[in-house]
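Have a look at the structure below before the remarks.
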Amino acid sequence: MEESRGPLLQANNVTESVNVNGDNSRLNLINRGGKKQNFIGPGFPGLKKRGHAVGNRSWIKIEQNGNSKVVELDKATVMRHCCLPARDLRLLDPVFIYPSTILGREKAIVVSLEQIRCIITADEVFLMNSLDGSVLQYKSELCKRLQEVKYHSDDLPFEFRALELALEFTCLTLDTQVKELEMEIHPVLDELAKSISTLNLERVRRFKGHLLALTQRVQKVCDEIEHLMNDDGDMAEMYLTEKKQRNSCNDLYDQVQGNIISTSTMGTGGPTLGMGMVSKSAPVSPVGSASASGSIKLQRAFSNISSHNKHGSLLSSSVTGETENIDQLEMLLEAYFVGIDNTLNKLLSLKEYIDDTEDLINIKLGNVQNKLIKFELLLTAATFLATVFAVVTAVFGMNFEDDVFNEPNRFNWVVSISASLCGVLYICFLFYFKHKKVFPL
């Protein structure tokens, strides 16, 4: 196929015909009205082709021997290779924010735990390529463990090793974040308990928001592990190596069984009907009958052995082996469930500590408010009595004629008696407040 390497023509009306392998097919590229139109075709490099290099993402492929390489794969290729629906790949998309999820599928395990987003199969791991430190650390640690000879002595299959490392990194990352939050928030809470200020309250409010978000993330991981532990079907679905071996044995058995049937049919020496049965009218030679009987015996013996091995392996795997594998995965999940549950308990304890500090602050604020109310009540009573005294003095300060003003000592007596009555009334108010238990004296 010849490709035109010349520049694009920018005339108003351009028509170009391209012949491919002698065919009469023509590719018309027309720009009408001076408007620029982008056409997709093989003759113009630089233009995006639909279905090629569109939506490709960078993946880190890690094999069983510990080798890793960066590959560019589109969504359709990953879905076809791992037999995954599109909604599962959407969980791994870094553009969207989804909670932590672990899904067991027919040929893969979809893992989305914090920054670790990967697809685990029976032979390889497709890790979402990223510059995040957790992703690079996961990739290097997994390759290191797979390359170590002593690690191959473990009875865990490949997919469980990759899943275990993802759970380990997730639990360690969340636990580290919880410890950092504890180290930051404890001094702030102690300072707030000693001195209540707007700055300290704002810092505690910000830390409380971080605590809530971190608690939700840890709770989601804990719930996801607990959900897997409670569902035996999901755990059995995640044993990819065993399913792959079963499928290989079944395919091999079917192939050998088909070869035996065809061999026995060919050994009869006479014409066969549509279903492989020998015609009654055809002569049968002794050699043919002997070979046919031998092949039938061989077929029966092989079928008995194969059926015994096949059904025995299936029954053992479905009854004892499957239970053993489920128990193996359940113990693996339980170990990390205990760790993540401990991290969740730390967050809950930290939340209780914050609540206790808030209760202490509320008690202190309530005590201060009670003191202010007490002072306001005493001040109000004193103001009332002072007003009464001022009314008495105001009455005698009016301009009217009376015998009282002729004797100066009488005015002194009026003032003294008024002040004494106000003092007695104030004391009566105090005893009344004590009797009503408004505040202790």
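All values below come from the heavy atoms of this structure, side chains included, with hydrogens, waters and symmetry mates left out.
For the pair Glu114 and Arg217, the salt-bridge criterion is met [side-chain N within less than 4.0 Å of a carboxylate O]. Using a cut-off of 4.0 Å between Lys/Arg side-chain N and Asp/Glu carboxylate O, Asp355 and Lys351 are scored as salt-bridged. Salt bridge Arg117/Asp93: absent, no basic N to carboxylate O contact under 4.0 Å.
In this structure, a donor-acceptor pair under 3.5 Å is present between the side chains of Tyr336 and Glu164. Checked by atom type, the side-chain pair Glu358/Asn362 shows no donor-acceptor distance below 3.5 Å. A donor and an acceptor atom, one from each side chain of Glu159 and Thr241, are located under 3.5 Å apart.
Of all heavy-atom pairs between Ala166 and Val111, the closest is CB-CG1, 4.2 Å. Nearest heavy-atom pair across Ser134 and Ile116 is O-CD1, 3.6 Å. Closest non-hydrogen pair, Cys82 versus Ile119, comes out as SG-CG2, 3.8 Å. Residues Pro157 and Gln328 share a closest heavy-atom pair of CD-OE1, 4.4 Å. In terms of heavy-atom proximity, Ile120 sits nearest to Leu240 at O-CD1, 3.4 Å. When every heavy atom of Leu379 is checked against every heavy atom of Thr383, the shortest pair comes out as O-OG1, 2.7 Å.
The side chain to side chain donor-acceptor pair (under 3.5 Å) analysis of residues 76-87, with sequence neighbours excluded, yields the pairs Asp74-Thr77, His81-Glu124.
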**OP:** Take Phe384 and Tyr426 through the side-chain contact (heavy atoms from CB on, under 4.5 Å) test and state the conclusion after the steps.
**Re:** CA-CA 9 Å; Phe384 172 73; Tyr426 189 73; over 6 Å; no

**OP:** Just do the side-chain contact (heavy atoms from CB on, under 4.5 Å) check on Leu127 and Tyr138 with the steps written out, would you?
**Re:** CA-CA 9 Å; Leu127 179 65; Tyr138 175 83; 3.7 Å; yes

Original post:
Given Arg203 and Glu191, is the side-chain contact (heavy atoms from CB on, under 4.5 Å) satisfied, shown in steps?
Top reply: CA-CA 11 Å; Arg203 294 172 63 186; Glu191 185 179 357; 3.9 Å; yes

Subject >> Test log, rule side-chain contact (heavy atoms from CB on, under 4.5 Å), inputs Lys374 and Phe433 >> reply: CA-CA 10 Å; Lys374 177 182 176 181; Phe433 293 151; over 6 Å; no

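Atom CD of Glu182 sits about 11.0 Å away from atom CD of Glu180, to the nearest 0.5 Å. Rounded to the nearest 0.5 Å, atoms CZ (Phe337) and CG (Leu167) are 12.5 Å apart. The CD atom of Glu184 lies 14.5 Å from the NZ atom of Lys179; values are rounded to the nearest 0.5 Å. Atom CG of Asp232 is separated from atom CD of Glu330 by 6.5 Å, given to the nearest 0.5 angstrom. The distance from atom CG of Leu189 to atom CG of Leu350, rounded to the nearest 0.5 Å, is 7.0 Å. In this structure, CG on Leu163 lies 7.0 Å from CG on Leu329, to the nearest 0.5 angstrom.
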Name the atoms and distances for all side-chain donor-acceptor pairs under 3.5 Å in residues 195-202, with sequence neighbours left out.
{"residue": "Ser197", "atom": "OG", "partner": "Asn200", "partner atom": "N", "Å": "3.4"}
{"residue": "Ser197", "atom": "OG", "partner": "Asn200", "partner atom": "ND2", "Å": "3.0"}
{"residue": "Asn200", "atom": "ND2", "partner": "Ser195", "partner atom": "O", "Å": "3.1"}
{"residue": "Glu202", "atom": "OE1", "partner": "Arg205", "partner atom": "NE", "Å": "3.4"}
{"residue": "Glu202", "atom": "OE2", "partner": "Arg205", "partner atom": "NE", "Å": "3.4"}
{"residue": "Glu202", "atom": "OE2", "partner": "Arg205", "partner atom": "NH2", "Å": "2.5"}

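By the 30° and 60° cut-offs, the orientation of the rings of Tyr353 relative to His186 is tilted. Below 30°, between 30° and 60°, or above 60°: for Phe207 and His210 the angle between ring planes is above 60°, a perpendicular geometry.
In this structure, Asn342 contributes its side chain and Val338 its backbone to no donor-acceptor pair below 3.5 Å. Between the side chain of Glu237 and the main chain of Leu103, no donor-acceptor pair closer than 3.5 Å is present.
Considering only heavy atoms from C-beta on, Ile60 stays 4.5 Å or farther from Val125 through its side chain. Contact of the Leu344 side chain with the Gln219 side chain is registered, since non-hydrogen atoms from C-beta on lie closer than 4.5 Å. Taking 4.5 Å as the limit, some side-chain heavy atom of Val71 sits within range of a side-chain heavy atom of Lys69. Between Met235 and Leu333, the closest side-chain pair of non-hydrogen atoms falls below 4.5 Å. Between Gln115 and Phe169 there is no side-chain heavy-atom pair separated by less than 4.5 Å. In this structure, Arg161 and Leu146 have side chains that are in contact, with non-hydrogen atoms separated by less than 4.5 Å. For the pair Leu181/Leu214, a side-chain contact is recorded, criterion being any heavy-atom separation below 4.5 Å from C-beta on. Side chains of Asn65 and Gln147 form no contact here, defined as non-hydrogen atoms less than 4.5 Å apart.
Of the residues Ile373, Val368, Asn367, the one that meets the side-chain contact (heavy atoms from CB on, under 4.5 Å) test with Lys371 is Asn367. Partner of Asp88 under the salt bridge (Lys or Arg N to Asp or Glu O under 4.0 Å) criterion, out of Lys75, Arg105, Lys107: Arg105 alone.
More than 12 heavy atoms of other shown residues, nucleotides or ligands fall within 6.0 angstrom of atom NZ in Lys364. Residue Lys346 qualifies as enclosed at atom NZ: its count of foreign heavy atoms under 6.0 Å is above 12.
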